Every structure is written in structure tokens, then in C-alpha cells.
Student: 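This is the structure I want to talk about, given as C-alpha cells.
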Amino acid sequence: MSAQLTWLGHGTWLLATIDHKILLDPFLDESPTAPVKADEVEADTILVSHGHFDHVADLVSIAKRTGATVVANFEICQWVAGQGIDNTQPMNLGGSVALPWGEVTMTLAHHSSSLPDGSYGGTASGFLLKLPASTLYFACDTALFNDMERIGGAGLDLAVLPIGDLFTMGPRDAVEATKLLGPKRVAPAHFNTWPPIEQDAAAWAEQVRSETSAEPILLEPGESVAV
Ligand code: NI
Ligand code: MN
């Protein structure tokens, strides 16, 4: 049972299993690099790591159109409920929930989380996803932290890490994060969306190859990898 993971640019990912489509941090219509528009995406689950506009910009419109379950911290679930989205799964750091396609754990992230209208967005998070055939970790927006070593204890088939720097960890720390996590494969995200977070992903991949045992996976927006 293989699943397909597609990078939709920036911090947005679409995970397609045989029966389900899981969308992470929908930022499409205003993203300079997104290969699709918000009204072209199907989803039955939407994972939201934190409240910043570049992670929730298309959340409400896609949730309304698709009826997808919004999985996010309690505060973001309340925020979408206030906009007519009743199908939510609130959770918080350290918690896990079994969904029809796999188990979701909300993991630590060192980042902030205000919502676009200034509402309190709770605490930023990452996600650990246990699918029937693979375990995936999305660090989402975060600084490097040593407890990544514990997250890696789950045995990661793929880790997705930000490398853009400035608002998240940069390439150097993402190599260190790879060492702590020990995933089989690692993919970069949250870079090259705008000039302030431009990075040389190929150079980063070389560092990953020479300093870790992980295989770097470089995708262009719109490209997929089997997971
Ligand atoms: Ni952010
Ligand atoms: Mn961000």
C-alpha cells in the first residue's frame, strides 16, 4: 500500500493514499510557487500546523467546499468554527488521534502562531503521521530543537524540514535536524517562495548526503514522491 506525497510549494503538501487525500497547510492562491489553485484541490482531511497566513490562507475555502475534517490545535479549530466549519478535530501538542487513514500526533515546534485577523492561534506544531506502510514527520515551521531525536525514535521513513531560514531553521540547522531525526529520506520545504527565503536546495542535499545517512529528496512544486 503505497501513498503519494506531492509538494504544492512552500509548506503545503498533499498526501494521497488509496482512499484518502490529506492536505497540509493550504497556501495556494497567493503562493508564488503553487502549481494548483485552491479550488482545484480535493481533500478529506486538512492538517494545520499553525495560524500564519502562509499556512491557512486557503483553509476555510477548501474546508467549506470539500467538507474535509480540519485537524489543528484547539484555537485554530475554534477560529474556523467561527467561519462555519463544524467538521474539526481539535488537538494539542503531544496528543495523538486515530483517523481513518492513519494516526496523527501533534509534535513540538518552536515558532509563533497568530491568525491573519490577529486572533490567538495557539501554539505552533509539527505532525508525525503513522500510515499503514510508512511513518512521516512534517516539522512545519520551526527552529532546530534537540527533542527531534525523540521524534526520530518513531522510525521515520521520510522527514520534511524547512530550509528557508529567517522565519524557520535554515539549511545548516536542517542538516543537524536530519542527524537528530535519523530518517531514511529527507525533503526540504518552506524555501524559494520569496527572495528572503531563497536557498540552494541542491547544495543542501549534498551536505545531507555527506553528513547523514538520509537520502535527500528534492521536488519541484507539483512533483510527487511515493511514501
Ligand atoms: Ni509561520
Ligand atoms: Mn510559514
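In what follows, residues are counted from 1 in the order of the sequence shown. Quick note: numbers below take in every heavy atom, side chains included, and nothing from hydrogens, waters or symmetry partners. Counting starts at 1 for both ligands and their atoms, following the listed order. A quick note: this is a predicted structure, and the numbers were derived from the prediction, not measured.
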Student: Any side-chain heavy atom of Ile22 within less than 4.5 Å of one from Thr17?
Tutor: yes
Student: Looking only at N, O or S atoms in Asp54, which is nearest to the Mn ion (ligand 2)?
Tutor: OD2
Student: Between Asp25 and His10, does any side-chain donor sit less than 3.5 Å from a side-chain acceptor?
Tutor: no
Student: Would you kindly say whether His55 and Asp141 are connected by a side-chain donor-acceptor distance under 3.5 Å?
Tutor: yes
Student: Crowded around Arg172 CZ? As in, over 12 foreign heavy atoms under 6.0 Å?
Tutor: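 Yes, CZ of Arg172 has more than 12 neighbouring heavy atoms, counting only those of other groups under 6.0 Å.
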Student: Which of the N/O/S atoms in His52 sits closest to the Ni ion (ligand 1)?
Tutor: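 Per the distance ranking, His52 contributes ND1 as its closest N/O/S atom to the Ni ion (ligand 1).
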Student: Does the shortest distance from the Mn ion (ligand 2) to an N/O/S atom of His111 fall below 2.8 Å?
Tutor: no
Student: So which N/O/S atom does Asp141 have closest to the Ni ion (ligand 1)?
Tutor: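 Of all N, O or S atoms belonging to Asp141, OD2 is the one nearest the Ni ion (ligand 1).
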Student: Can an N, O or S atom be found in His50 less than 2.8 Å away from the Ni ion (ligand 1)?
Tutor: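 Here the distance criterion (N, O or S atom, under 2.8 Å) is met by His50, so yes.
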Student: Could you check whether any side-chain heavy atom of Thr12 comes within less than 4.5 Å of a side-chain heavy atom of Pro221, counting everything from C-beta outward?
Tutor: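 Sidechains of Pro221 and Thr12: no contact.
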Student: Is the shortest distance from a Lys or Arg side-chain nitrogen in Lys184 or Asp157 to a carboxylate oxygen in the other one below 4.0 Å?
Tutor: yes
Student: Does Cys140 bring an N, O or S atom to within less than 2.8 Å of the Ni ion (ligand 1)?
Tutor: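 Given the 2.8 Å cut-off, Cys140 does not count as a ligand of the Ni ion (ligand 1).
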Student: Test of geometry: compute the angle OD2(Asp141)-the Mn ion (ligand 2)-NE2(His55) and round it to 10°.
Tutor: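 Taking the Mn ion (ligand 2) as the apex, I get 90° for this pair.
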